[in-house]
Amino acid sequence: QVQVMESGGGLVQPGGSLRLSCVVSGSILSEFSMAWYRQAPGKSREWVAVITRPGTTNYPGSVKGRFTISRDNAKNTVYLQMNSLKPEDTAIYYCGGNGIYWGQGIQVTVSS
């Protein structure tokens with residue numbers, strides 16, 4: 001059974017940084033294309049980063065240049081480095097594998 005678990009969220013001031021981690025268990029990470037999504041209160045879920053099996057990355061314009069997704073297949077872990085955070089980045093962040101397996105989500109709050 002594949003399980004996905006996010007960690008590393010919390011409260012950060014505007015302009016600060018956070019690194020989210022996503023551990024995949026029950027399977028081999030290298031078999032998955034991985035993505036991070038987020039959902040803010042009252043808004044629909046939106047995609048923020050994707051990394052393919054070979055390691056190609058892509059981002060929407062709202063986070064490009066500020067967020068970086070990476071993967072460590074040996075640790076079965078995907079990371080989301082978030083820099084220059086803005087209040088509008090406040091959301092629950094979800095990690096997903098192949099668009100099928102999802103974690104419970106983790107809260108990120110950007111506020112002074």
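Only a predicted model underlies this, so the values are computations on that prediction, with no experimental measurement involved.
Within 6.0 Å of CD in E46 there are more than 12 heavy atoms belonging to other residues, nucleotides or ligands.
The shortest side-chain heavy-atom distance between C22 and M34 falls under the 4.5 Å cut-off. A heavy-atom distance below 4.5 Å is not found between the side chains of S33 and I51. At a threshold of 4.5 Å between non-hydrogen side-chain atoms, the residues N83 and F67 do not count as touching. Residues V108 and L20 form a side-chain contact, since some pair of their non-hydrogen atoms from C-beta on lies under 4.5 Å apart. Taking 4.5 Å as the limit, some side-chain heavy atom of Y79 sits within range of a side-chain heavy atom of D72. The shortest side-chain heavy-atom distance between V78 and L29 falls under the 4.5 Å cut-off.
Put simply, OG1 on T57 and CZ on R71 are 11.5 Å apart, with the number rounded to the nearest 0.5 Å. Atom OG1 of T68 is separated from atom CZ of R19 by 11.5 Å, given to the nearest 0.5 angstrom. In this structure, M82 CE and I69 CD1 are separated by 11.5 Å, a value rounded to the nearest 0.5 Å. Atom CG of L18 sits about 8.5 Å away from atom CD of Q81, to the nearest 0.5 Å.
Hydrophobic clustering, with ILVMFWY side chains joined whenever heavy atoms are under 4.5 angstrom apart, groups Y59 together with V48. Residues Y37 and V110 do not share a hydrophobic cluster, clusters being chains of Ile/Leu/Val/Met/Phe/Trp/Tyr side chains in contact below 4.5 Å. F32 and W47 are members of different hydrophobic clusters when ILVMFWY side chains are connected at heavy-atom separations under 4.5 Å. One hydrophobic cluster, built from ILVMFWY side chains closer than 4.5 Å, cannot hold both I100 and V23; they sit in different ones. Tracing side-chain contacts under 4.5 Å through hydrophobic residues (I, L, V, M, F, W, Y), one reaches W36 starting from Y101; they form part of the same cluster.
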(message) Could you walk me through whether Y94 and E6 satisfy the side-chain contact (heavy atoms from CB on, under 4.5 Å) test, starting with their C-alpha distance in whole Å, then the side-chain angles of each, then the deciding distance to 0.1 Å, before giving a yes or no?
(response) CA-CA 7 Å; Y94 299 89; E6 304 94 342; 4.1 Å; yes
(request) Before giving the answer on side-chain contact (heavy atoms from CB on, under 4.5 Å), spell out for T90 and Q107 the whole-Å C-alpha distance, their side-chain angles and the decisive distance to 0.1 Å. (result) CA-CA 8 Å; T90 295; Q107 179 70 46; 3.9 Å; yes
(request) Carefully, step by step, assess T109 and V12 under the rule side-chain contact (heavy atoms from CB on, under 4.5 Å). (result) CA-CA 6 Å; T109 303; V12 63; over 6 Å; no
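In plain terms, the two heavy atoms of P14 and S111 that are nearest each other are CD-C, 3.6 Å. Taking every heavy atom of both residues into account, S17 and S84 meet most closely at OG-N, 4.4 Å.
When each of S27, C95, S25 is checked for a side chain to side chain contact (heavy atoms under 4.5 Å, CB included) with V4, only C95 meets the rule.
Using a 3.5 Å distance cut-off with no hydrogens or angles, the side chains of R38 and Y93 do pair a donor with an acceptor.
The cationic group of R45 lies under 6.0 Å from the six-membered ring centre of W102 and within 45° of the ring axis, placing it in a cation-pi geometry.
The salt bridge (Lys or Arg N to Asp or Glu O under 4.0 Å) search around R66 returns D89, not counting sequence neighbours.
Side chain of T77 to main chain of K75: a donor-acceptor pair is present (N/O by atom type, distance under 3.5 Å, no hydrogens or angles).
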